[in-house]
Asker: 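This is the structure, below, for whatever I ask next.
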Amino acid sequence: MGFCTSGPDGIYSGFGTHGHGRGLADFLTRTRRIETSQETMKRDDDGRNGDDDLEHGIALKSRTKTKKPSMYKVLMLNDDYTPMEFVVHVLESFFSKSHEEATRIMLHVHQKGVGVCGVYTYEVAETKVNQTMDLAQQHQHPLQCTIEKE
């Protein structure tokens, strides 16, 4: 059996041996460790002793989730003056289309009035529109392209 006494500091120090082989000294050592841990946690919660954070804190690596960029369709508009061969050339040169695909897109623009040349991030779409419009202007064609958010 164990015993239960109160020490000068008012702590009950029971727990004799109880068949566990732990005496009063072991109990007091554990109690002091718990009190020390609680004091450390309290200091950290109060925001004092910021230097202790480096010794006792946990380093967390925050990760920001990368957002995918918005995509934009480059649209080509039909006109009655730009030669079909020029449109095919533009699609092959600036939009990396094969001759067959460029011809198919050109016919679609000619028949429907508008066609998609490709889908790109904003900066790439703007660049392709500017390249197309600059070349059309250099050759005095009224070809028009624009972008639309997908």
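Residues: numbered from 1 along the sequence shown. Source: prediction; values computed, not measured.
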Asker: Any side-chain heavy atom of Thr103 sitting closer than 4.5 Å to one from His99?
Answerer: yes

Asker: Compare every heavy atom of Asp79 with every heavy atom of Thr82, then report the nearest pair and how far apart it is.
Answerer: N-OD1, 2.6 Å

Asker: Please determine whether residues Phe86 and Met84 belong to a single hydrophobic cluster, defined as Ile, Leu, Val, Met, Phe, Trp and Tyr linked transitively by side-chain heavy-atom distances below 4.5 Å.
Answerer: yes

Asker: Find out whether Lys128 and Gln131 are in side-chain contact, i.e. whether some heavy atom of one side chain is under 4.5 Å from a heavy atom of the other.
Answerer: yes

Asker: May I ask whether Val90 and Leu107 are part of the same hydrophobic cluster, defined by side-chain heavy atoms of I, L, V, M, F, W, Y residues being less than 4.5 angstrom apart, directly or through others?
Answerer: yes

Asker: If hydrophobic clusters are built from ILVMFWY residues whose side chains come within less than 4.5 Å, do Leu75 and Ile105 share one?
Answerer: no

Asker: With rounding to the nearest 0.5 Å, note down the distance linking CD in Glu100 to CD in Glu92.
Answerer: 8.5 Å

Asker: Give me the one residue out of Val129, Val116, Val87 that meets side-chain contact (heavy atoms from CB on, under 4.5 Å) with Met76.
Answerer: Val87

Asker: What distance do Glu85 atom CD and Met106 atom CE have between them, rounded to the nearest 0.5 Å?
Answerer: 7.5 Å

Asker: What about Val114 and Phe95, same hydrophobic cluster or not, with Ile/Leu/Val/Met/Phe/Trp/Tyr joined at side-chain heavy-atom distances under 4.5 Å?
Answerer: no

Asker: Determine whether Tyr122 and Phe94 fall in the same hydrophobic cluster, where Ile, Leu, Val, Met, Phe, Trp and Tyr are linked whenever their side-chain heavy atoms lie under 4.5 Å apart.
Answerer: yes

Asker: Can you name the nearest heavy-atom pair linking Ala125 to Tyr72, along with the distance?
Answerer: CB-CB, 4.1 Å

Asker: State the NZ-OG1 distance between Lys68 and Thr121, to the nearest 0.5 angstrom.
Answerer: 13.5 Å

Asker: Rounded to the nearest 0.5 Å, what separation is found between the SG atom of Cys117 and the CG atom of Leu91?
Answerer: 5.0 Å

Asker: Pairs of donor and acceptor atoms involving the side chains of residues 133-150, under 3.5 Å and at least two apart or interchain, shall be tabulated with distances.
Answerer:
from: His139; atom 1: ND1; to: Leu135; atom 2: O; distance (Å): 3.0
from: Glu148; atom 1: OE2; to: Lys73; atom 2: NZ; distance (Å): 3.2

Asker: Measure the spacing between CD of Glu101 and CZ of Arg104 and express it to the nearest 0.5 Å.
Answerer: 5.0 Å

